Amino acid sequence: FGENMRVLKWIVGRCQGSAHAVQTPLGWQPSYEDLDWEGLEEVNRKQFDQLMRVDNDMWRKELDSHGELFEKLQERLPKEFILKRELFQLSLWR
């Protein structure tokens, strides 16, 4: 079962109301139980949690590094990009 298919299966499950998600500062991600692990039985919950962990400090630094680029492109960037970046920044400070 391909990795992309696992995620697509989860997305369809979310749309149908049969799969769950966990909210992170970067958006919604699948829970361990809602992914099809056929062919990847060696991946356990602890490994999954480690892979899916969001390092807030790293993401704050990443978003800060975008500041200069966003300033340069401010006139041409869709407002939604600027707002989304600000939302990410706010969510990382909770």
Side-chain angles (χ1 to χ4, degrees):
F1 204 67
E3 289 77 24
N4 295 333
M5 295 304 292
R6 292 175 213 285
V7 174
L8 288 174
K9 186 175 179 181
W10 171 71
I11 291 170
V12 170
R14 289 279 294 150
C15 293
Q16 294 174 340
S18 62
H20 301 91
V22 178
Q23 188 173 15
T24 74
L26 301 177
W28 295 92
Q29 68 182 33
S31 61
Y32 179 80
E33 296 79 16
D34 287 308
L35 289 177
D36 184 338
W37 292 104
E38 183 182 338
L40 282 178
E41 289 83 5
E42 69 275 6
V43 177
N44 61 42
R45 175 183 272 289
K46 184 177 178 181
Q47 291 167 320
F48 174 80
D49 289 343
Q50 186 177 3
L51 289 169
M52 300 302 281
R53 186 179 66 82
V54 174
D55 183 332
N56 287 356
D57 290 333
M58 182 197 73
W59 276 104
R60 277 189 212 108
K61 290 176 187 173
E62 179 68 24
L63 287 171
D64 288 344
S65 75
H66 297 177
E68 187 178 328
L69 177 63
F70 270 63
E71 284 179 32
K72 286 180 183 177
L73 299 175
Q74 187 172 9
E75 297 300 317
R76 294 181 286 173
L77 274 179
K79 292 177 188 173
E80 293 81 6
F81 280 37
I82 296 167
L83 293 173
K84 188 64 173 175
R85 180 175 176 260
E86 290 173 1
L87 286 173
F88 278 143
Q89 288 173 316
L90 288 172
S91 70
L92 291 170
W93 287 108
R94 3 178 200 151

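The residues of the chain are indexed from 1 along the displayed sequence. These numbers come from a predicted model, not from an experiment.
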Q: Is it true that, when you exclude F81 itself, more than 12 heavy atoms of the residues, nucleotides or ligands shown sit nearer than 6.0 Å to its CZ?
A: no
Q: Within this structure, what is the CG-OH distance for the pair L51 and Y32, rounded to the nearest 0.5 Å?
A: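 Here the interatomic distance stands at 11.0 Å.
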Q: Do W28 and V22 sit in the same hydrophobic cluster, where Ile, Leu, Val, Met, Phe, Trp and Tyr count as joined when their side-chain heavy atoms come under 4.5 Å apart?
A: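 Different clusters: W28 never reaches V22 through Ile, Leu, Val, Met, Phe, Trp or Tyr contacts under 4.5 Å.
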Q: Within a radius of less than 6.0 Å around CD of E41, do more than 12 heavy atoms belonging to other residues, nucleotides or ligands occur?
A: yes
Q: Taking the side chain as every heavy atom from C-beta outward, state whether T24 and M52 have any atom pair closer than 4.5 Å.
A: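 When only atoms from C-beta onward are counted, M52 and T24 do not touch, as no gap falls below 4.5 Å.
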Q: With rounding to the nearest 0.5 Å, note down the distance linking NE2 in H66 to CD in Q89.
A: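 Answer for the NE2-CD pair, H66 versus Q89, is 10.0 Å.
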Q: Between OG of S18 and CH2 of W10, what distance do you get to the nearest 0.5 Å?
A: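 Here the rounded value is 11.5 Å.
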Q: If you draw the axis of the six-membered ring of F48, does the NZ or CZ of K46 fall within 45° of it and under 6.0 Å from the ring centre?
A: no
Q: Atom CE of M58 and atom CZ of R53: how far apart are they, to the nearest 0.5 Å?
A: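 Reported to 0.5 Å precision, the distance equals 8.5 Å.
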Q: So for atom CD, which belongs to E42, do other residues, nucleotides or ligands contribute more than 12 heavy atoms lying within a distance under 6.0 Å?
A: yes
Q: Identify the heavy atoms of H20 and D34 that sit nearest to each other, and give their distance.
A: N-OD2, 2.9 Å
Q: Following the transitive rule for hydrophobic clusters with a side-chain heavy-atom cut-off under 4.5 Å over Ile, Leu, Val, Met, Phe, Trp and Tyr, establish whether V12 and L35 coincide in one cluster.
A: no
Q: Within this structure, what is the OG-CZ distance for the pair S65 and R60, rounded to the nearest 0.5 Å?
A: 14.0 Å
Q: Does the R85 side chain pair with the main chain of L63, one donor and one acceptor, at a distance under 3.5 Å?
A: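 At least one qualifying donor-acceptor pair exists.
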Q: Indicate the atoms forming the closest heavy-atom contact of Q47 with V43, along with that distance.
A: OE1-CA, 3.2 Å
Q: Once you round to the nearest 0.5 Å, how far does CD of E38 lie from NZ of K9?
A: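 Going from the CD atom of E38 to the NZ atom of K9 covers 7.5 Å.
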Q: Are D64 and K61 within salt-bridge range, i.e. N to O under 4.0 Å?
A: no
Q: Are any of the side-chain heavy atoms of R14 and I11 separated by less than 4.5 Å?
A: no
Q: For the residue pair F88 and P25, what are the closest heavy atoms and their distance?
A: CD2-O, 3.4 Å
Q: What verdict does the side-chain contact (heavy atoms from CB on, under 4.5 Å) test give for I82 and F70, after you've listed the backbone C-alpha separation in whole Å, the side-chain angles of each residue and the deciding distance to 0.1 Å?
A: CA-CA 8 Å; I82 296 167; F70 270 63; 4.1 Å; yes
